[in-house]
Structure formats: C-alpha cells, structure tokens
Student: 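Quick one: this structure, given as structure tokens, is what I'll be asking you about.
Each residue takes its place number in the sequence, starting with 1.
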Amino acid sequence: MLPSDEPTLRGPNGRLVLTADALEVDGQRFALLELDAVELQPIRWLLWYLLGGIILAGFALAFLQNWLRTVPAALGLTAGALLLAYGSRGTNRLRLYRAGREALHFALAGDPLPWQKLAAETNRRIRRRHEEAAAAAVAAWALDLPPTETDTNSWSGPPAAPPDTTELTS
C-alpha cells in the first residue's frame with residue numbers, strides 16, 4: 001500500500017489528525033519518521049477521588065455517630081458521591097515518543113476507545129514508515145548510489161588528510 005492510499009484520520013474532537021506521512025496534534029506537526037511510538041493512557045483525577053472519598057466517609061461517620069441529621073447527611077453523601085463520579089471521568093494522556101528526544105504529552109478529553117484505535121493506527125503507520133525507510137536505505141546501499149541533495153543525513157565519508165601531514169611524520 002502506498003502512503004497516498006492511506007486515508008486521513010481525525011480524532012473525535014479534531015485535535016488530532018493522522019495523514020499518510022504525518023501526525024498533527026493541537027497544530028503541532030510531526031513526521032511519522034521522527035516518531036518512535038504513540039501511547040495513550042487513561043488518567044483518573046486522584047484529587048477528586050480523595051476529596052470525594054473523604055467527604056463521603058466523613059458524612060457517613062458523622063451520620064452514624066448521630067452528629068448530623070438525615071438531610072445534611074444526605075446532602076453531604078450526595079456531594080461526596082458526585083465528587084467521586086467527577087474524579088472517575090478523568091482524561092486521556094497521549095504520549096509521543098520521539099527519536100532521541102524527550103517525549104511529548106498531550107491531554108485529550110472524551111472516551112478512550114476512539115483515541116486508542118487512533119493510537120494503534122498511528123503506531124502501525126509509524127512502523128510502516130520506518131520499514132519503508134529502512135528498505136529504501138538498504139536498496140540504496142546495495143546499489144551504492146551517491147547521496148542525494150535532499151538527504152541531509154548522508155555522510156560522504158571521512159575528510160581527506162591535509163597534504164602537509166606527511167612532512168610532519170617524517
């Protein structure tokens with residue numbers, strides 16, 4: 001399959017766009033060859049879990065010790081349960097591993113399932129681009145082609161020795 005045959009995929013909210021040869025996240029564009037992998041991890045908000053749990057436990061204990069009447073205890077238990085539910089909502093962390101550089105992190109809201117499918121497709125395309133680049137490098141090396149002007153990573157070999165080094169060694 002040629003790169004042009006792969007469709008452009010977009011995230012659920014349009015913040016992530018995957019094309020045949022690049023990944024764009026929040027307006028930042030990354031070539032697939034500069035990425036090693038993409039990882040998506042659902043993150044829960046620990047602060048809201050802790051706050052909701054403490055409020056829930058506090059109001060439950062206060063009610064059971066007869067320090068609170070029914071209506072204030074019910075309101076406190078409801079507030080604690082709502083904070084727990086809000087904490088379980090969380091977010092999704094997208095981590096981009098770049099070759100030889102620090103990983104980048106992005107927060108993506110919403111259900112993790114569509115994001116995970118998009119991350120899996122991105123990893124598949126990254127592996128494919130790396131395999132294609134490796135195959136092209138092997139083919140060029142096998143044919144012993146000179147490097148092209150557009151190849152910025154080519155090395156023409158070690159520099160020639162200066163002419164007066166023979167006089168210094170004798």
Side-chain angles (χ1 to χ4, degrees), residues 1-61 73-142 147-155:
M1 177 187 270
L2 295 173
S4 61
D5 293 342
E6 295 175 342
T8 298
L9 301 176
R10 296 186 183 279
N13 59 2
R15 291 179 52 197
L16 187 132
V17 179
L18 175 64
T19 61
D21 59 350
L23 176 69
E24 186 175 331
V25 183
D26 288 340
Q28 294 183 20
R29 190 172 174 87
F30 304 96
L32 293 181
L33 283 175
E34 77 176 285
L35 297 174
D36 283 337
V38 171
E39 178 184 87
L40 185 86
Q41 180 180 12
I43 303 295
R44 300 295 166 233
W45 294 334
L46 186 61
L47 173 68
W48 299 110
Y49 269 142
L50 291 175
L51 192 59
I54 290 171
I55 289 175
L56 197 63
F59 275 91
L61 286 173
L75 290 175
L77 291 172
T78 303
L82 287 174
L83 287 174
L84 276 172
Y86 187 71
S88 68
R89 186 175 71 109
T91 189
N92 301 303
R93 180 192 303 149
L94 180 71
R95 184 178 295 159
L96 301 179
Y97 293 102
R98 301 179 298 167
R101 295 161 76 189
E102 190 173 323
L104 288 177
H105 303 274
F106 295 94
L108 304 171
D111 184 36
L113 187 61
W115 294 113
Q116 287 170 343
K117 289 180 181 178
L118 195 55
E121 177 65 20
T122 303
N123 282 328
R124 187 190 67 77
R125 289 188 187 185
I126 288 171
R127 281 191 301 275
R128 176 175 280 173
R129 293 300 161 262
H130 283 270
E131 289 170 1
E132 289 172 356
V138 167
W141 181 69
T148 62
E149 292 179 7
T150 59
D151 187 11
T152 58
N153 294 328
S154 62
W155 185 54

Student: Applying side-chain contact (heavy atoms from CB on, under 4.5 Å), run through T91 and W45 and close with a yes or a no.
Tutor: CA-CA 8 Å; T91 189; W45 294 334; 3.8 Å; yes
Student: Going through the checks in order, is the side-chain contact (heavy atoms from CB on, under 4.5 Å) test met by R98 and L104?
Tutor: CA-CA 8 Å; R98 301 179 298 167; L104 288 177; 3.8 Å; yes
Student: Would you compute the distance between atom CZ of R128 and atom CZ of R124 and round it to the nearest 0.5 angstrom?
Tutor: 4.5 Å
Student: Is it true that R125 and E121 have a side-chain N and a carboxylate O under 4.0 angstrom from each other?
Tutor: yes
Student: May I ask you to check whether over 12 heavy atoms, not counting those of Q28, lie within 6.0 Å of atom CD?
Tutor: yes
Student: Has the side chain of R129 got a donor or acceptor atom that lies under 3.5 Å from a matching backbone atom of A133?
Tutor: no
Student: Mark yes when over 12 heavy atoms from residues, nucleotides or ligands other than W48 sit less than 6.0 Å from its CH2; otherwise mark no.
Tutor: no
Student: So which heavy atom on T78 is nearest to which on A74, and how close?
Tutor: OG1-O, 2.7 Å
Student: Let me have the donor-acceptor pairs involving side chains of residues 7-15, under 3.5 Å, with sequence neighbours excluded, atom names and distances please.
Tutor:
| unit_1 | atom_1 | unit_2 | atom_2 | d |
| --- | --- | --- | --- | --- |
| N13 | OD1 | R15 | N | 3.2 |
| R15 | NE | D26 | OD1 | 2.7 |
| R15 | NH1 | A107 | O | 2.8 |
| R15 | NH2 | D26 | OD1 | 3.3 |
| R15 | NH2 | D26 | OD2 | 2.8 |
| R15 | NH2 | A107 | O | 2.9 |

Student: Write down the atom of F59, the atom of A73, and the distance for their closest heavy-atom approach.
Tutor: CD2-CA, 4.2 Å
Student: Show me the donor-acceptor pairs within less than 3.5 Å that the side chains of residues 31-44 make with the rest of the protein, sequence neighbours left out.
Tutor:
| unit_1 | atom_1 | unit_2 | atom_2 | d |
| --- | --- | --- | --- | --- |
| E34 | OE2 | A31 | N | 3.0 |
| E39 | OE1 | R95 | NH1 | 3.0 |
| Q41 | OE1 | R93 | NH1 | 3.4 |
| R44 | NE | S88 | O | 3.3 |
| R44 | NH1 | S88 | O | 3.4 |
| R44 | NH1 | R89 | O | 3.0 |

Student: Supply the atom-to-atom distance L56 CG to L61 CG, rounded to the nearest 0.5 angstrom.
Tutor: 10.0 Å
Student: How many angstroms lie between CG in N123 and CG in L118, if you round to the nearest 0.5 Å?
Tutor: 10.0 Å
Student: Supply the atom-to-atom distance L16 CG to L96 CG, rounded to the nearest 0.5 angstrom.
Tutor: 8.0 Å
Student: Quick one: pull up CG in L50 and CD1 in I55 and give me the separation to the nearest 0.5 Å.
Tutor: 11.0 Å
